[in-house]
Amino acid sequence: MAPKAKASGKAAPPPPSSIEELFTSLNDLIKREDFKRIVKVADEVLAIAPRDEDAIRCKIVALIQGSKIEDAMRSIEAGQKLGMDLDFLKAYCLLRENRPDEALLLLKSAERNTMTLLLEAQILYRLGRIDESLKIYQSLERSKVDFLQNYVACLVSSGRADTVQKALDAFHVKATNNHYLAFNTACALIDRNKIKDAEQLLLSARRLGQESLMEDNVPDDDIEVDLAPIMVQLAYVYQLLGQTQEAMEGYLDLLKKNPDDLPAIAMAANNLVSLRGPKDISDSLKKLDRFIEKGDNGRFQLAGELEYKLSAKQKEAIYLNRVLLLLHANRMDQVREYVTALQGMFPDSVMPMLLQAT
C-alpha cells in the first residue's frame with residue numbers, strides 16, 4: 001500500500017481569475033483611482049490575453065497617472081507593435097518627457113477631436129506659441145473646455161490678464177472652482193496690479209488644494225509638490241506688498257523642503273536672489289548656477305524641464321539676475337559673455353541692450 005502523502009500545511013492556491021472577473025476588478029480600481037493595482041490587474045489580463053487593447057490602454061493610463069512615464073512608453077511601443085493606435089498617449093508621454101516638438105509632430109497625424117485639440121493647445125503653450133494655443137481653446141465649444149485653468153494660464157501668458165474674468169463669466173465658473181483655477185486667476189490679478197486681491201485668492205487656492213488632495217489621500221510629499229507654485233506666488237505677492245520678511249520666509253521654506261517641482265524651486269530661488277540684491281552674492285550665484293547650463297552647441301540654456309516649462313519672461317529674469325550678480329562680483333568677462341548671448345535669446349527685450357551699455 002502506497003504511503004499517504006504528508007499534508008504540506010499550506011492552503012492550495014486559489015484558482016486563476018477569469019477575464020470577466022479581472023475586468024470587474026479593473027472597473028472598481030478605476031473608480032477608486034488605485035493606479036498601482038490597475039497596472040497589476042491589467043498585467044493579469046494580458047497574461048491571459050496578450051493582445052487585449054482595453055487592458056493595454058488601462059495599464060498605460062495608470063502608469064501615466066502614477067508618473068511612470070518610461071514604463072508607459074514601453075507599453076505604448078509594445079501596443080503599437082500589435083497594430084494599436086496609441087499616438088495620442090505617446091504624444092502626451094513625449095510632452096511629459098519635455099519633448100514637445102516631437103509630441104506636436106506626432107499629434108498632427110492623430111484624429112482631430114476635443115482631447116487631441118486640448119493636448120495640442122498644451123503643447124503649443126509649452127513651446128511658447130501662446131497665440132496659437134489660445135486659438136484652439138477659443139475654437140472649442142464652451143461645454144467641451146474641461147481644462148479652463150489652462151485657458152486662463154494662456155490668457156495671462158499672452159498679456160490678456162484683463163480678459164480672464166470675462167472668460168470665467170462666459171463659462172459660468174468661479175475662480176475658486178478648484179485650486180488650479182484659483183492660482184491662475186490670481187496670476188492674472190497680479191498682472192493687473194490687484195495684489196491684495198491676488199493674495200486672498202492664493203490663500204483660497206492653498207486651502208482648496210490642501211482639502212481636495214487630502215480627501216483624495218494624496219501623500220504629504222505629493223501635496224507639497226502640487227502646492228509649490230501657489231507657495232512661490234504667495235511669497236512673491238508678499239514681496240510686492242513690501243512684506244519682505246514674509247516673502248523671504250516663504251522662499252526659504254520652499255527651498256528647504258525642496259519639493260519635486262523644479263520650476264517652482266527655480267522661481268523661488270530667483271525671487272529670493274532678487275529680494276536679497278547685492279547681499280550674499282556667492283550664495284545667490286550658487287542658487288542660480290544649478291538652473292543654468294551650456295548645451296552641446298555652447299549656448300546657454302536652462303536645466304531640464306525649465307527650458308520648456310518657464311515662460312520667456314521667467315527665463316529672462318533668471319538670466320538677468322545672474323548677470324547682475326556677476327556685475328556686483330566684478331566678473332566682467334562672464335558678464336560680457338552672458339549679455340552677448342541674451343541679445344540673441346531675447347531679441348525683443350531692451351534689458352540686454354541696457355546691460356551692454358553698462
Side-chain angles (χ1 to χ4, degrees), residues 149 152-153 156-157 161 175-176 178-214 218-292 302-306 309-311 313-322 324-325:
Q149 59 262 23
V152 171
V156 175
S157 295
T176 51
N178 62 59
H179 65 287
Y180 299 113
L181 188 55
F183 168 75
N184 286 329
T185 306
C187 293
L189 290 171
I190 293 171
D191 273 15
R192 296 171 62 195
N193 205 33
K194 295 190 174 185
I195 310 303
K196 290 299 292 183
D197 290 341
E199 178 192 8
Q200 293 306 308
L201 195 50
L202 286 168
L203 291 171
S204 295
R206 182 177 65 180
R207 176 181 55 78
L208 289 167
Q210 288 171 335
E211 290 174 355
S212 64
L213 295 169
M214 288 177 69
V218 175
D220 289 345
D221 288 348
D222 291 342
I223 290 177
E224 286 188 358
V225 171
D226 210 286
L227 299 184
I230 297 173
M231 304 313 296
V232 174
Q233 204 70 332
L234 189 57
Y236 179 58
V237 161
Y238 291 142
Q239 183 175 345
L240 293 176
L241 290 171
Q243 298 172 222
T244 305
Q245 188 61 35
E246 289 88 343
M248 190 85 72
E249 289 173 359
Y251 297 137
L252 289 172
D253 183 55
L254 190 75
L255 292 172
K256 183 179 179 181
K257 290 178 179 177
N258 197 30
D260 187 20
D261 186 328
L262 188 59
I265 292 295
M267 294 316 301
N270 190 61
N271 291 349
L272 178 63
V273 167
S274 176
L275 191 62
R276 282 175 171 175
K279 298 178 182 177
D280 301 316
I281 291 176
S282 178
D283 181 66
S284 292
L285 282 169
K286 287 179 183 178
K287 280 184 165 52
L288 292 187
D289 280 347
R290 65 177 287 200
F291 307 120
I292 302 174
L302 296 186
E305 62 193 291
L306 296 179
K309 286 195 172 181
L310 296 185
S311 68
K313 183 178 178 181
Q314 290 171 323
K315 287 189 281 189
E316 185 183 12
I318 291 175
Y319 286 117
L320 290 177
N321 272 333
R322 180 80 167 80
L324 290 173
L325 289 172

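When reading the values below, keep in mind they use all heavy atoms of this one structure, side chains included, and skip hydrogens, waters and symmetry mates. Just so you know, residue 1 is the first one in the sequence shown, and it goes up from there.
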What is the minimum heavy-atom distance between [X] and [Y], and which atoms define it?
| X | Y | result |
| --- | --- | --- |
| Leu306 | Pro263 | CD2-CA, 3.4 Å |
| Ile230 | Leu202 | CG2-O, 3.7 Å |
| Val218 | Ile223 | O-CD1, 3.5 Å |
| Leu254 | Ala264 | CD2-O, 3.9 Å |
| Leu262 | Glu305 | CB-OE2, 3.8 Å |
| Phe291 | Ala266 | CZ-CA, 3.6 Å |

Looking at [atom1] of [X] and [atom2] of [Y], how far apart are the two atoms once the value is rounded to the nearest 0.5 Å?
| X | Y | atom1 | atom2 | value |
| --- | --- | --- | --- | --- |
| Ser282 | Lys287 | OG | NZ | 10.0 Å |
| Leu275 | Thr244 | CG | OG1 | 5.5 Å |
| Leu208 | Leu203 | CG | CG | 11.0 Å |
| Ile281 | Arg276 | CD1 | CZ | 11.0 Å |
| Leu240 | Ile190 | CG | CD1 | 6.5 Å |
| Glu224 | Met231 | CD | CE | 9.5 Å |

| Going through the checks in order, is the side chain to side chain contact (heavy atoms under 4.5 Å, CB included) test met by Arg192 and Asp197? | CA-CA 10 Å; Arg192 296 171 62 195; Asp197 290 341; over 6 Å; no
| How would you list all residue pairs meeting salt bridge (charged side-chain N to carboxylate O under 4.0 Å, His left out) that involve residues 254-272, not counting sequence neighbours? | Asp253-Lys257
Excluding sequence neighbours, so at least two apart, what forms salt bridge (charged side-chain N to carboxylate O under 4.0 Å, His left out) with [X]?
| X | result |
| --- | --- |
| Lys196 | Glu199 |
| Asp221 | none |
| Lys194 | none |
| Arg207 | Glu211 |

Test of understanding: with side-chain hydrogen bond (donor to acceptor under 3.5 Å, both in side chains), list the residues that count as partners of [X], not counting sequence neighbours.
| X | value |
| --- | --- |
| Thr176 | none |
| Arg206 | none |
| Asp222 | none |
| Tyr251 | Gln239, Asn271 |

Side chain to side chain contact (heavy atoms under 4.5 Å, CB included) involving [X] - partner list, sequence neighbours excluded:
| X | answer |
| --- | --- |
| Gln243 | Tyr238, Leu241, Glu246 |
| Ala153 | Tyr125, Asn184 |
| Asn178 | Gln149, Tyr180, Leu181 |

| said: For Tyr236, I'd like to know if atom OH has over 12 heavy atoms of other residues, nucleotides or ligands within 6.0 Å. | reply: no
| Can Gln314 and Asn270 be said to form a side chain to side chain contact (heavy atoms under 4.5 Å, CB included), step by step? | CA-CA 9 Å; Gln314 290 171 323; Asn270 190 61; over 6 Å; no
